[in-house]
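Working notes, structure below.
Here the structure is a predicted model, which is why all the values come from computation and not from measurement.
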Amino acid sequence: MTKIVFLHGFFASGSCVPALALKEAFQGKAQVLSPDMPLHPQVALDFVFSICQKECPQLLVGNSCGSFFAQIVASVMGIPALLGNPYFEMTHFLLPRKGPQQYKAPRRDGCQNFVIDDALINEFAQLQATQFDHCTAVGKEHIWGLFGVNDTLAHYESLFLQHYTHAYHFPGGHTPTAEEVKAYYAPLAQKLLNVEL
């Protein structure tokens, strides 16, 4: 069966609303894997690489910080990807949010609390500096962006278009609702799955 890996946003988890909605949209058509992402960016990136090496997905779908990781992995491994509201400069997101935090969706390990500190921000800064190093001509056509017109958090469509060709829009905010995932994310994901590499 076709496999899709969904990568959630920074405060979310693999059981977040967009992940569950994507699973529902592809029920009977594709297996959607939605793991909980590790907090630290290099650990998270290595984790996604290991999943892709093991599961050989035909598509990556990300949202926000998940799209940040999806872009890197998709570029390196040559996997098509749909980047929902990609947050390419996570340091800008994290700096005003330093201190104790909680995940907004339940995690499988039961750990809901974490801390944003300077060390974590610096780790993201290092990864940001090289995130587009593996862009290719094939990736330019097979890594697509989906941008909410009412997104008040991430504004990276222009940066996306410096590296990639296909940008789409939906009438939503930064985190899509279940209905928006089914109406906009899922059809584009299906379209990407049908594109020949």
>> Here's a test for you: under ring pair (Phe, Tyr, Trp, His ring centres under 6.0 Å), which of Phe68, Phe93, Phe69 qualifies with Tyr87?
In response: Phe93

Qualifying residues under salt bridge (charged side-chain N to carboxylate O under 4.0 Å, His left out), relative to [X], sequence neighbours excluded:
| X | result |
| --- | --- |
| Lys3 | Glu55 |
| Lys98 | Asp118 |
| Asp151 | none |

Would you tell me whether [X] and [Y] have side-chain atoms, one donor and one acceptor, within less than 3.5 Å of each other?
| X | Y | value |
| --- | --- | --- |
| Thr91 | Gln128 | yes |
| Ser64 | His174 | yes |
| Asn122 | Gln126 | no |
| Asn63 | Tyr185 | yes |

Ignoring hydrogens and geometry, is there a side-chain-to-backbone donor-acceptor pair from [X] to [Y] under 3.5 Å?
| X | Y | value |
| --- | --- | --- |
| Gln131 | Ala129 | no |
| Thr165 | Glu141 | no |
| Gln112 | Arg107 | yes |
| Ser67 | Gly62 | yes |

Is there any salt bridge (Lys or Arg N to Asp or Glu O under 4.0 Å) pair reaching into [range], and which pairs are they, with sequence neighbours excluded?
| range | value |
| --- | --- |
| residues 36-45 | Asp36-Arg108 |
| residues 66-83 | none |
| residues 9-32 | Glu24-Lys182 |

> Should His40 and Leu120 be marked as a side chain to side chain contact (heavy atoms under 4.5 Å, CB included) after you check the CA-CA gap, both sets of side-chain angles, and the distance that decides it?
Replying inline: CA-CA 7 Å; His40 294 273; Leu120 182 66; 3.7 Å; yes

What are the two closest non-hydrogen atoms of [X] and [Y], and how far apart are they?
| X | Y | answer |
| --- | --- | --- |
| Ala167 | Leu161 | CB-CD2, 3.9 Å |
| Leu20 | Ser15 | CD1-O, 3.5 Å |
| Val61 | Ala189 | CG2-CB, 4.3 Å |
| Pro38 | Val43 | CB-CG1, 3.8 Å |
| Leu192 | His142 | CD2-O, 3.7 Å |
| Pro106 | Ser13 | O-OG, 2.7 Å |

If you measure from [atom1] on [X] to [atom2] on [Y], what distance do you get to the nearest 0.5 Å?
| X | Y | atom1 | atom2 | value |
| --- | --- | --- | --- | --- |
| His92 | Phe124 | NE2 | CZ | 13.5 Å |
| Gln101 | Ile116 | CD | CD1 | 4.5 Å |
| Glu123 | Leu127 | CD | CG | 9.5 Å |

How about [X] and [Y]: do any of their side-chain heavy atoms sit closer than 4.5 Å?
| X | Y | answer |
| --- | --- | --- |
| Cys16 | Phe6 | yes |
| Leu7 | Met37 | yes |
| Ile79 | Val5 | no |
| Phe160 | Gln162 | no |
| Leu83 | Trp144 | no |

Is there a path of hydrophobic side-chain contacts, each under 4.5 Å between heavy atoms of I/L/V/M/F/W/Y residues, joining [Y] to [X]?
| X | Y | result |
| --- | --- | --- |
| Val115 | Met90 | no |
| Leu146 | Val17 | no |
| Leu193 | Leu188 | yes |

>> Show, in sequence, the C-alpha distance, side-chain angles and deciding distance for Ile4 and Leu33, and conclude whether the side chain to side chain contact (heavy atoms under 4.5 Å, CB included) test is met.
In response: CA-CA 6 Å; Ile4 299 169; Leu33 308 173; over 6 Å; no

>> Enumerate the ring-ring contact (aromatic ring centres under 6.0 Å, His included) contacts for residues 96-122, please, sequence neighbours excluded, ordered by first and then second residue.
In response: Phe10-Phe114, Phe11-Phe114, Tyr103-Phe114

>> Restricting to side chain to side chain contact (heavy atoms under 4.5 Å, CB included), what partner residues turn up for Glu180, sequence neighbours left out?
In response: Phe170, Pro176, Thr177, Tyr184

> What residues, two or more places apart in sequence or in another chain, satisfy side chain to side chain contact (heavy atoms under 4.5 Å, CB included) together with Val73?
Replying inline: Leu45, Val48, Phe49, Cys52, Leu60, Met77

> Would Tyr168 and Lys191 satisfy side chain to side chain contact (heavy atoms under 4.5 Å, CB included), going step by step from the backbone distance to the final call?
Replying inline: CA-CA 12 Å; Tyr168 300 89; Lys191 190 175 178 182; 4.2 Å; yes

> Under the ring pair (Phe, Tyr, Trp, His ring centres under 6.0 Å) test, which residues partner Phe88, sequence neighbours left out?
Replying inline: Phe132

> Residues two or more places apart in sequence or in another chain: which of them pass side chain to side chain donor-acceptor pair (under 3.5 Å) with Thr136?
Replying inline: none

> Is there any side-chain hydrogen bond (donor to acceptor under 3.5 Å, both in side chains) pair reaching into residues 71-81, and which pairs are they, with sequence neighbours excluded?
Replying inline: Gln71-Ser75, Gln71-Tyr164, Ser75-Tyr164

